[in-house]
Participant: 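Structure in structure tokens, see below.
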Amino acid sequence: MLNVTGILKRLVIGRAMRSEELTGTLLPKRLALPVFASDPLSSVAYATQEILLVLTLGGLAYLHFTPWIAGAVVALMAVVVLSYRQVVHAYPSGGGSFEVATTNLGPSAGLVVAASLLVDYVMTVAVSVASGVDNIISALPGLAHQRVLMALVFVAVLAAINLRGVRESGRAFAAPTYLFIGGVLIMVITGLVRYALGNPPLAASAAYGITPDPADAHLRGLALLMLVLRAFSSGCTALTGVEAISNGVPAFRKPKSRNAATTLAAMGGLAIAMFAGVTTLALVSKVHITDDACRLTGLDGDCATYTQRTVIAQIAAAVFGGEHSPGFYFIQTVTALVLILAANTAFNGFPLLSSILAQHRYLPRQLHNRGDRLAFSNGILALAIVAGLLLWGYRANVTSLIHLYILGVFTSFTLSQLGMVRHWNRELRGEPDGATRRRHHTARLINAVGAVVTGLVLLIVLTTKFTQGAWLAVLAATVLWVTMRAIRRHYDSTAAELAVTDPHSELLPPTRVFAIVLVSRLHKPTLRALAYAHAIHPDRLEALTVSVDPDATAELRRHWEEYGIDVPLKIVDSPYREITKPVVGYVRSVRRESPRDVVAVFVPEYVVGHWWENLLHNQSALWLKSRLLFTPGVMVTSVPWQLTSSAHADRPAARAPGSVRRGEPPVPPRPRTR
């Protein structure tokens, strides 16, 4: 019989790889860029749009703030990129912000960073995929009613690609990412050349006016400042994913730190150039966009059914000659692709960080296990499921999701930069060389500036977005922080409980072994269980049955005597027709009478060949074993009896698909330094 599940799994993720093949999955810089930097590079497709959406709440009057806000975002990105270049050199093990904060600020601060990043990785997938779907709908408005379905399908495809391994996902995503970079740069250069020659591109929405939102129509003073700060915090979505490279340093080829720093610098330069170019063209072409199409004036048709094109779609149409030009469709295609693939940054960052946290016992250890293709499969699947639920719950709406975004990023930015300042302080205390000290002073200054700036941005984001939905991200990060601490306490207490204190006392053998074979009726599985129990040569052997039906019990006793079985048959009455409780009660009574004895309970079970047969068999055995396992001094042994159907079941392969696979050997966390 064909193993359909195994065949499908091999088709989706490929053959299982040996552990020694891990070095072959390391990334060169040309593949690392699309793998780890697709998120910040692709965010230029919606960061400008988010700035305009906030400013146009006051109508067209406040759009003149756009260049200043964009300039602040560019400066912030430059500071963050420079700061993280220090991180990848100082902490190349891949812990990134988590390792920096844990080592220099303590475990609690490290967990704040980790919880914030995990939440933000989920949001990266949700926002990137939803934004990609928006761009598809901009080119093909007829697909608007399939928004959620398309988003969920894209998440599933991304998860499948990443399950094939990091290198394979890099190859799959390289072409769309580089085509997007090239397309946007060509669009920016073409638009700016046209502007310089006196023929500036003009967006179709330039003819529309915008009616101010009544609450923001005439802002002054503090209210105007808050609007500008809201626009700035929305534009800061351009910085999401910058830290992913610092978490992914182990995935680079050697020299790992240098290659990661070079990739980080290339990502920063490209993202800045593209974001600045798109924002400039949005102003030059007079793109008008608002959160509600019914606030557009001069619009033909029903505003309730009108679908606004994204900012980058409007710019592409204006630059390349209309909404049916090849350039327009090219930009929309590569933008949609790269936005969807931008979620790959999270699909690499989330499993890596989860693996490190699991290694340090803050998350379940299964997240540290590598799958068939040497990827952290459990982390990939967990991310896909949570992001899919979020997209379904928010109907894949970018505007709704964006308010939950970027809070975690700036939390990790701020704490990691503070940690780096303490790192350089410690390095300076023990460094006598003058040239090295000057380099450390420069690095400390960069990280100090980064800490101050990102801390201020964190306050701005928290202030402006908290009531609009960011509170949910804060709550999720808080719950995750508490959960991780509880998991660590559980693992620590379990380790302490299992630690060997006196080997000699632990090795003392029990005084006697009392074997009990559970019997429902006399058949071949019962006889096999009795034979196995005899094989261990117990000091005492007994068969145990529960009398629910007196006639059936009498028949069992008759057969027992008829076949001359020399094992005593113990019958326990059950007036309420319950099986589990009388068995457990009897076993516990034996333990009370002889606490030094070991009670070995043998449970006959059927081995079946089809999943549905398990629903018809073994239910009583399952409940009995689950209860007996909680009784100290009791061993439970399953005695299998293979039914005919099991002979036709597929035999497990040498490298069984879906089996548990370990990650790298645990690396102890660095000691906390004060």
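Note that the structure is predicted; figures quoted are calculated from it, not measured.
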Participant: Hydrogens and angles aside, do Arg230 and Ser233 bring a side-chain donor and acceptor to less than 3.5 Å of each other?
Facilitator: no
Participant: Do side-chain atoms of Ser205 reach the backbone of Tyr208 as a donor and acceptor pair under 3.5 angstrom?
Facilitator: no
Participant: Any heavy-atom pair between the side chains of Pro34 and Tyr178 that's under 4.5 Å?
Facilitator: yes
Participant: Would the number of heavy atoms belonging to other residues, nucleotides or ligands and lying under 6.0 Å from NE2 of His324 be above 12?
Facilitator: no
Participant: Whether the Ser97 and Tyr84 side chains hold a donor-acceptor pair (N or O, under 3.5 Å, no angle test) is what I'd like checked.
Facilitator: yes
Participant: Return yes if some donor-acceptor pair links the side-chain N/O of Arg147 with the main-chain N/O of Asp134 below 3.5 Å, else return no.
Facilitator: no
Participant: Quick one: side chains of residues 179-186, donor-acceptor pairs under 3.5 Å with protein atoms, not counting sequence neighbours, listed by atom name and distance.
Facilitator:
none

Participant: Other residues, nucleotides and ligands only: do more than 12 of their heavy atoms fall within 6.0 Å of OH on Tyr329?
Facilitator: yes
Participant: I need the single residue from Arg426, His423, Glu99 that forms a side chain to side chain donor-acceptor pair (under 3.5 Å) with Asn104. Which is it?
Facilitator: Arg426
Participant: Between the side chain of Thr56 and the main-chain N/O of Leu53, is any donor-acceptor distance below 3.5 Å?
Facilitator: yes
Participant: Do His441 and Arg444 meet the criterion of a side-chain donor-acceptor pair at a distance under 3.5 Å?
Facilitator: yes
Participant: Go through the side-chain N and O atoms of His440 and Arg437 and say whether any donor and acceptor fall under 3.5 Å apart.
Facilitator: no
Participant: Calculate, to the nearest 0.5 Å, the distance between atoms CG and CD belonging to Leu264 and Gln86 respectively.
Facilitator: 10.0 Å
Participant: Are the side chains of Leu76 and Thr454 in touch, meaning some heavy atoms are under 4.5 Å apart?
Facilitator: yes
Participant: Within a reach of under 6.0 Å around CZ of Arg258, are more than 12 heavy atoms found that belong to other residues, nucleotides or ligands?
Facilitator: no
Participant: Only counting residues at least two apart or in another chain, list the ones meeting ring-ring contact (aromatic ring centres under 6.0 Å, His included) with Phe252.
Facilitator: Phe36
